[in-house]
Amino acid sequence: MSEHDKIRELLALAAADALTSAEEKQVAEHVRSCIACSNELWAWRPIASELRRLPTPQPSSWLVQATLARAEAKLAEQAEHDWNRRVMIVLVAFAWLLTIASWPVFHFVSGRFGSSLEPQFSHTWISFAAFTALGWLAGGVAAVMLAIRQRGERRLA
Amino acid sequence: MAVDADVVRLRRGDLNALSELITRYQNRLYRYLLRIVRQPAEAEDLFQQTWLRVVEKIRSFDASRNFDAWLFTLARNLAIDHLRRIRPQSLDEPLANSWHSETVADRISCKDHTPLDHALAAERRTGISEAMARLPMMYREVLTLRFEDEMKIEEIAQVTAVPVSTVKSRLRRSLEQLRYALEAR
């Protein structure tokens with residue numbers, strides 16, 4: 001491809017101000033000595049100019065208000081979601097703490113605090129494990145049911 | 001790059017910041033969507049969806065990035081998904097019937113003075129608008145981002161997720177096709 005052809009390909013981009021400084025320099029030097037390319041560049045100018053002056057279609061004020069209202073609802077929903085997540089984290093941490101702390105308390109109350117240091121599969125331990133598992137299972141089922149309900153509500157909203 | 005104060009406030013859940021951002025970008029964003037989908041009702045729906053997506057994703061937005069490019073990328077992804085669902089052929093081919101409508105706001109924004117100037121300018125713009133509407137989506141997009149939004153080539157590359165060389169190539173081809181269409185009128 002000759003220098004002339006290369007420059008000719010750059011002319012549309014020159015009208016769009018989309019050339020690098022090196023390319024701009026090349027084009028400027030070439031069009032000074034090439035009337036065909038100079039004319040071609042001038043042919044691109046009005047097109048670029050009209051494109052820059054096309055009227056801007058504007059959204060209606062109703063659209064902007066409706067968008068804001070929906071976005072506000074979304075922000076509120078997100079804030080509620082964040083709050084629920086924080087509460088859930090605190091509750092889970094508290095539940096773990098309570099479970100761990102209840103072991104020595106449970107043994108102390110049942111008069112077997114000393115034996116907790118040497119755990120055995122006694123009747124007390126099995127009862128305690130069953131009670132804990134039941135508690136966690138009930139909590140899990142409640143959490144799943146709550147999540148399903150919230151998802152249903154969100155879908156309806 | 002300076003971090004946009006409204007973006008920072010929106011990340012904290014400030015609704016007023018969102019209002020400021022919508023006001024600031026409403027014309028540019030709506031025009032961009034309208035140029036892509038060509039149907040005002042669809043552009044309006046996508047406009048709302050874009051801002052809802054902004055609210056949803058603002059916390060994952062890297063504040064050191066360009067918010068304009070991020071916003072237009074979200075809008076673009078939604079618009080392309082929409083076109084894929086509704087009119088997949090429109091992503092590659094021009095429409096047989098061009099879309100063009102001049103609103104009251106368009107006429108008010110006209111800067112020409114005499115009635116003759118006004119008429120001639122309106123005719124030229126109608127021609128350009130109609131010719132542009134017939135171009136494939138990728139070409140319409142690059143033209144509106146470069147000439148109407150005055151984005152730099154690098155920013156357009158960010159929005160469209162293609163290399164700078166591809167943006168330049170699309171820009172050149174879109175201008176050539178536009179000129180050809182204008183000369184054929």
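Letters go in sequence order (proteins before strands), and every chain restarts at 1.
You'll find the side chain of B/V54 reaches within 4.5 Å of the side chain of B/L10, heavy atoms only. At a threshold of 4.5 Å between non-hydrogen side-chain atoms, the residues A/S60 and A/Q65 do not count as touching. A heavy-atom distance below 4.5 Å is found between the side chains of B/L21 and B/F67. Side-chain atoms of B/N66 and B/M151, non-hydrogen and from C-beta on, never get closer than 4.5 Å to each other.
There is no contact between A/A79 and chain B, counting heavy-atom distances below 4.5 Å. Heavy-atom distances place both the backbone and the side chain of A/E72 under 4.5 Å from chain B. The part of B/Y30 that comes within reach of chain A is its side chain, from C-beta onward, which places non-hydrogen atoms under 4.5 angstrom from that chain. Within the 4.5 angstrom heavy-atom criterion, no atom of B/I156 approaches chain A. For a residue to count as touching a neighbouring chain, one of its non-hydrogen atoms must lie under 4.5 Å from one of that chain's; by this rule B/L52 touches chain A with backbone and side chain alike. Within the 4.5 angstrom heavy-atom criterion, only side-chain atoms of B/I22, from C-beta onward, approach chain A. Of the two parts of B/L143, only the side chain, counted from C-beta on, holds a non-hydrogen atom closer than 4.5 Å to a non-hydrogen atom of chain A. For A/A76, no part lies under 4.5 angstrom from a heavy atom of chain B. Heavy-atom distances place no part of A/S61 under 4.5 Å from chain B, backbone and side chain included.
Side-chain contact of A/H30 with A/E3: a donor-acceptor pair under 3.5 Å is absent, judged by distance alone. B/N16 and B/S19 share no donor-acceptor pair across their side chains, judged by distance under 3.5 Å alone.
Under a 3.5 Å cut-off, the side chain of B/R65 and the backbone N or O of B/W70 do not form any donor-acceptor pair.
Ion pairing between a basic and an acidic side chain is recognised when a charged N comes within 4.0 Å of a carboxylate O; B/E141 and B/R76 show such pairing. Using a 4.0 Å cut-off between charged nitrogen and carboxylate oxygen, B/D149 and B/R35 do not count as a salt-bridge pair.
Ranked by heavy-atom pairs under 4.5 Å with chain A, the first of B/R59, B/K152, B/Q49 is B/R59. Counting heavy-atom pairs closer than 4.5 Å to chain A, the top residue among B/E150, B/M132, B/R28, B/R179 is B/R179. Of the listed residues A/L75, A/L68, A/L54, the one with more heavy-atom pairs under 4.5 angstrom with chain B than any other is A/L54. Interface summary for chain B: among A/D82, A/L10, A/L13, the most heavy-atom pairs under 4.5 angstrom belong to A/L13.
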